[in-house]
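Following: one structure in structure tokens, then a few remarks.
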Amino acid sequence: MTDSISNILADKWDEPPEIQTIKDYVRQKFKVDVGVTIHDKHITISTSSAALAGTLRMQLHELQKELKTDKKLVIRIGR
């Protein structure tokens with residue numbers, strides 16, 4: 001049986017809770033998957049849809065409160 005790289009890596013490293021919170025938030029509200037990367041001073045949310053990016057921008061304040069983080073949330077179009 002062969003394991004995919006993502007399965008192997010998932011077993012070795014746990015995602016920070018912020019990543020899962022953002023992915024769950026977007027999936028519940030918009031039924032779309034997004035990419036999330038965490039940096040020292042900001043969190044980047046990547047989506048392939050400009051319409052979703054615009055909608056997410058309007059919800060950044062709510063998402064920021066749900067995450068309980070001081071990091072800046074950045075939305076990037078393109079995956």
Side-chain angles (χ1 to χ4, degrees):
M1 182 169 123
T2 60
D3 286 329
S4 70
I5 291 175
S6 62
N7 287 343
I8 292 169
L9 292 177
D11 291 340
K12 294 193 182 253
W13 293 287
D14 291 328
E15 284 185 339
E18 294 94 340
I19 290 177
Q20 197 59 49
T21 300
I22 293 169
K23 287 182 176 183
D24 290 344
Y25 178 89
V26 174
R27 201 173 292 131
Q28 286 176 352
K29 288 202 175 257
F30 307 107
K31 304 202 181 358
V32 176
D33 289 328
V34 293
V36 180
T37 54
I38 295 183
H39 305 278
D40 290 338
K41 297 184 180 186
H42 68 278
I43 299 172
T44 304
I45 304 168
S46 302
T47 177
S48 58
S49 166
L52 177 60
T55 303
L56 281 174
R57 278 189 179 87
M58 292 186 284
Q59 308 225 347
L60 284 182
H61 186 68
E62 179 183 335
L63 186 54
Q64 186 91 31
K65 285 196 317 190
E66 191 168 320
L67 288 172
K68 297 178 183 135
T69 184
D70 291 333
K71 292 183 180 187
K72 180 179 178 183
L73 297 178
V74 178
I75 298 175
R76 182 176 154 247
I77 302 169
R79 291 183 59 155

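Keep in mind the model is a prediction, meaning the values are calculated, not measured. The first residue in the sequence is number 1, and the count goes up from there.
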To the nearest 0.5 angstrom, please state how far the [atom1] atom of [X] sits from the [atom2] atom of [Y].
| X | Y | atom1 | atom2 | answer |
| --- | --- | --- | --- | --- |
| D40 | K71 | CG | NZ | 6.5 Å |
| S49 | I77 | OG | CD1 | 8.0 Å |
| I75 | L52 | CD1 | CG | 7.5 Å |
| I38 | T69 | CD1 | OG1 | 8.0 Å |

Among T37, V74, L63, side-chain contact (heavy atoms from CB on, under 4.5 Å) partner for I45: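 Answer after filtering T37, V74, L63: L63.
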Knowing that exactly one of L56, I43, T44 qualifies, which makes a side-chain contact (heavy atoms from CB on, under 4.5 Å) with I22?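 Answer to the side-chain contact (heavy atoms from CB on, under 4.5 Å) test with I22 among L56, I43, T44: I43.
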Any sub-3.5 Å donor-acceptor pair from E18's side-chain atoms to K68's backbone N or O?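 A pair under 3.5 Å: no.
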Residue pairs involving residues 49-60 (criterion salt bridge (charged side-chain N to carboxylate O under 4.0 Å, His left out); sequence neighbours excluded):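 Listed once each, the pairs would be none.
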Per the ring pair (Phe, Tyr, Trp, His ring centres under 6.0 Å) rule, what does the pair list look like for residues 15-34, sequence neighbours excluded?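 Applying ring pair (Phe, Tyr, Trp, His ring centres under 6.0 Å) to every pair that reaches into residues 15-34, excluding sequence neighbours, yields nothing.
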Applying ring pair (Phe, Tyr, Trp, His ring centres under 6.0 Å), which residue pairs with at least one partner in residues 40-68 are found, sequence neighbours left out?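 Residue pairs with at least one partner in residues 40-68: H39-H42.
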Could you work out, with salt bridge (Lys or Arg N to Asp or Glu O under 4.0 Å) as the rule, every residue matching E62, not counting sequence neighbours?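 Once residues adjacent in sequence are excluded, the partners of E62 under the salt bridge (Lys or Arg N to Asp or Glu O under 4.0 Å) criterion are K29.
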Suppose we screen for salt bridge (Lys or Arg N to Asp or Glu O under 4.0 Å). Which residues come up paired with K72, at least two apart in sequence or across chains?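 Counting only residues at least two positions away or on another chain, K72 forms no salt bridge (Lys or Arg N to Asp or Glu O under 4.0 Å).
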So which atom in S46 and which in G78 form the shortest heavy-atom distance, rounded to 0.1 Å?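 For S46 and G78, the tightest heavy-atom pair comes out as CB-O, 3.8 Å.
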By side chain to side chain contact (heavy atoms under 4.5 Å, CB included) - contacts of R27 (at least two apart):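 With sequence neighbours excluded, R27 shows a side chain to side chain contact (heavy atoms under 4.5 Å, CB included) to Q20, K23, D24, D33, given in chain and number order.
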Listed partners of P17 passing side chain to side chain contact (heavy atoms under 4.5 Å, CB included), at least two apart: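 Expected list: none.
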Any side-chain heavy-atom pair of V26 and V36 under 4.5 Å: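 A side-chain contact under 4.5 Å is absent here.
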